[in-house]
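The first residue of the sequence shown is numbered 1, and numbering continues consecutively from there. What's counted below: heavy atoms across the whole structure, side chains too, no hydrogens, waters or symmetry copies.
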Amino acid sequence: MNKNRAIVARVERAAIAAPLSDETEVIRAAGINLLDIDAASEDEIIAKAREAAVLFTVRAAFTRRVFENLPKLQAVIRCGIGYDNIDVDAATDNRVLVVNIPDFCFEEVSNHALLLLLACAKKLVRMNHLLKSDGWGASRKIMDPMGSVWGQTLGIVGCGNIGRMTARKARCFGLNVIGHDPYVDRNLAGESGIALKSLPEVMGESDYVSLHPCLNRETFHLIGEKEFRMMKPNAYLINTSRGSVVDESALIRALHQKRIAGAALDVFEKDPIDPDNPLLKMEEVILTPHSAFYCDASFKRLRISVAQEAVRVARGRWPRNVVNQGVKPKVDLVKEG
């Protein structure tokens, strides 16, 4: 291995990591050394990644101790949108860029959110199950009451890229869209048909509440006991963002007490979901296994984007998507126009 070349490495537990494919082609074509590091704990990452300039990961936790003990590390890339497994403040303090890929699955996640909304509205899962197991009559018995989609109100919590795309698509179904996001520009939200309101207003006025915030200290358990009490008894909660945005225990209580009509969840506080989680036994709850982001084409785009960002840093250029914009890198990086 040429020691004069920058080293890029994936850090992931080998037992759960998919084989490197497009990443290898892009990174090695650029003349950059690529390693695949089997690591998960702090000690393993520190011991095995000491020589790397750029690391990328899906699940590995990058803590303050990790950053403090990797003096050659210039950037860590999260293979996806969320970066809650990376201590961004610690990275900044140690002059390490945190990079994510914020645009690889907008279409897929927004489509999945609407898929779940429609499935809730039309009792799709329960009707399918009853028709197959107990016959036509049993399936039709649960038709009444049946909510509408056209003319109803969708509340979007978190009006970033995915939230706004969900809103644009929702309007095609005749949904009125309101939203809450303290950081999004009102005009930008309005361009997607979202009327911004306070969180209590969104929770209280919506027939469907779809969650799209990133997970951080502000949004941890953003939706809890108080928010569920604000919702209409015929309203549904949909979550395709992060499980811990919702206080799951409070959600389970709200469902048991019939304070909301149901929920559709792609994410959970513990991923994968515990087999004894009460949500698994609730007829009014639709669950998918953290799959909203997934399709073959989107994952190919993700792998290529991660590799391209790694190459940019390894060649001394500023990456396209930096989370901690105020960071002072360890080496001068050229910003392209």
Distance-only side-chain donor-acceptor flag, [X] / [Y], under 3.5 Å:
| X | Y | value |
| --- | --- | --- |
| D266 | T288 | yes |
| S110 | H112 | no |
| Q308 | S305 | no |
| T153 | E205 | no |
| N277 | E248 | yes |

Which atoms form the tightest heavy-atom contact between [X] and [Y], and what is the distance?
| X | Y | answer |
| --- | --- | --- |
| V267 | S241 | CG1-O, 3.7 Å |
| H221 | V246 | CD2-O, 3.5 Å |
| T219 | C214 | OG1-O, 2.7 Å |
| I194 | G179 | CG2-N, 3.5 Å |

Query - Criterion salt bridge (Lys or Arg N to Asp or Glu O under 4.0 Å) against D84, the qualifying member of R78, R217, R242, R59 - result: R242
Query raised in the report: Got M203 and K197 here, is their nearest side-chain heavy-atom distance under 4.5 Å?
Result: no
**Report entry** Given V76, D38, I45, D36, the one that forms side-chain contact (heavy atoms from CB on, under 4.5 Å) with V11
**Finding:** I45
**Report entry** Sole residue of D93, N69, D89 in side chain to side chain donor-acceptor pair (under 3.5 Å) with R64
**Finding:** D93
Query raised in the report: Taking a hydrophobic cluster as the set of Ile, Leu, Val, Met, Phe, Trp and Tyr residues connected by side-chain heavy atoms closer than 4.5 Å, whether directly or through intermediates, do F104 and V58 fall within one such cluster?
Result: no
